[in-house]
Novice: 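Input: one structure, supplied below.
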Amino acid sequence: MVPGATLHGLGVSPGVAVAPVAQLGEAIAEPAAADEVPEDRREAEAARLAPAVAEVVAALRADAARSEGETAQILEATALLAADPDFAAGAAARVRAEGVSAARAVWDEAEAQARLLRDLGGRMAERVADVRSVRDRLVARLTGADVPGIPDRAEPFVLVARDLAPAETAALGRSRCVALVTEEGGPTSHTAILARALGIPAVVGAAGATAIPAETVVLVDGESGTVQLDPPERQRAATSEDPPEFDGRGQLADGTPVTLRANVGGAVDAHAAAAARAQGIGLFRTEFCFLDRAAEPTVPEQVAAYRGVLAPFAGRTVVVRTLDAGSDKPLPFATGADEENPALGVRGLRVARTHPALLSHQLTAIADAAAQEGAEVEVMAPMVATVDEARDFVAACRAAGIARAGIMIETPAAALLSAEMLAVVDFVSLGTNDLTQYTMAADRLSAPLGALNDPWQPAVLRLIGTVGAAGRARGKPVGVCGEAGGDPAIAPVLVGLGVTSLSMTARSLARVAARLRTVTADECRRAAEAALGAPTAVEARAAAAAVLG
Ligand code: PEP
Ligand code: MG
């Protein structure tokens, strides 16, 4: 690639960062079983194991020493697993008895251990991922391959990948990654959402990114969606400007209140949201607490996770969403691996059809956590399509002792039936990410379809308008918790369409609040009408801008 060349993608998380590239390590290939080691070379092959184990253990301990808190503990525990003498002895015995390579012996020994742990179930089963992580590190040492997953580096780096699995994205927060570039993924993919939550610039859909040689210095601009290779020195000094502060009161220029809340995935986000003066939590994505779990978390484990989010919001509203498993957020204990079309499959509330106990356990845990903390807890279900689903969900919440129950509007069916939905629920919240993908029939993860996944698409705006009108008619709250809620450009239009609260990553609060302070309720309504009348997304945006200036 030419120095100074620029790759173009979609900017999905603002900010500018400059650092050397580290590519996401590809999954380790299973070592061949067929190549037999001759008898007279087996001892030498088995002897390769001890130094590889020692190197892996040392690397893990060094990482642990550089880390803090939970991360350090996890790395220490993984180092202990790698240092287990029974593991190395078992692998060496396989080399001697079966004549397999050291790498293959490690693979087979790890699989045998993983099977054992899986059969034991519960907490033990969750160690399977740790065993495989040690396996991959060892096989990488023995075969000279790159260690898979997020690179362990002491210096800042830009992570480049084809795309990231949710668990990998979650691990990003513990790394020195300062920006993210992927070849695939769309603007509302969870990679994009997490990048925004971490506050690092991100560009998705950057064709050719995985061909950038490791260590090339790149300048990532998460606003314009560009990735510049080997930028000139003066540009390397580029920094992102700090947003203004949010004073904790969302309102329009004429004083009309618009509640501004935060989207969170766990306690760390919740503390950041409280520090950013969010007026509550508008979306707690509970599945983010359990992405790496093989088995259903127990009710006490769930209570502990939920309390961590409720605690900083005593006296304020926290909208807890029940598990949104499935599609691009598979949870092994909730979803099948073999769905052909998982975005249209058993996801969100639909999981209650196949695993009803998951929902009842979760509602019990949420009610318990709410009883122990002072937050005003509301609960909502994702991926609702029928009024019966909404009614059953509300009944299940009431039975668990939860006073306020609502649903997300993420399907065109739910939007079209919003008047009937609002007759049975206490509130609704527009999941504009999914509502857009299902309205436009365009996978939200697809980079080439990024332009279709745009909430300015008139078909999407009209559905939002239907929901807003139903909310006004019933006098019930209508929120937005999809990514559109954190976009200062569309926020006035959403308010004009009848939306009463917006929820977003805490980092967007200040910009959205500042924009809303510049417009009146009447201007918002006129901008919404102008956008609704436009035939295309580009014209809708322009029509609103013409009203709002
Ligand atoms: C949405 O779909 O807009 C939403 C907020 O839910 P998620 O992004 O978690 O699917
Ligand atoms: Mg959704």
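All values derive from a computational prediction rather than experimental measurement. For ligands, and for the atoms within them, numbers begin at 1 and follow the listed sequence.
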Novice: Strictly by modelled atom types, are Gln362 and Tyr306 linked by a side-chain donor-acceptor pair under 3.5 Å?
Specialist: yes
Novice: Under 2.8 Å from the Mg ion (ligand 2), which protein N, O or S atoms do you find? Ignore water molecules.
Specialist: Glu410 OE2, Asp434 OD2
Novice: Is the shortest distance from a Lys or Arg side-chain nitrogen in Lys329 or Asp324 to a carboxylate oxygen in the other one below 4.0 Å?
Specialist: yes
Novice: With sequence neighbours excluded, what pairs up with Leu452 under the side-chain contact (heavy atoms from CB on, under 4.5 Å) test?
Specialist: Met440, Ala442, Leu449, Gln457
Novice: Do Asn263 and Ser503 have a side chain donor and acceptor closer than 3.5 Å?
Specialist: yes
Novice: Whether Glu301 and Arg293 form a salt bridge (side-chain N of Lys/Arg under 4.0 Å from carboxylate O of Asp/Glu) is what I want to check.
Specialist: yes
Novice: If we count only N and O atoms by modelled type, under 3.5 Å, do the side chains of Gln372 and Asp368 hold a donor and an acceptor together?
Specialist: yes
Novice: Salt bridge check, Asp426 against Arg398: does any charged N sit closer than 4.0 Å to a carboxylate O?
Specialist: yes
Novice: Test: ring pair (Phe, Tyr, Trp, His ring centres under 6.0 Å). Region: residues 344-393. Which pairs qualify, not counting sequence neighbours?
Specialist: none
Novice: Salt bridge check: are Asp247 and Arg277 linked by an N-O gap of less than 4.0 Å?
Specialist: no
Novice: Check each protein residue for a heavy atom under 4.0 Å from ligand 1 and list those that pass, ordered by chain and number.
Specialist: His190, Ile193, Leu283, Arg285, Arg321, Asp324, Lys329, Arg347, Met408, Glu410, Gly431, Thr432, Asn433, Asp434, Arg444, Cys481, Gly482
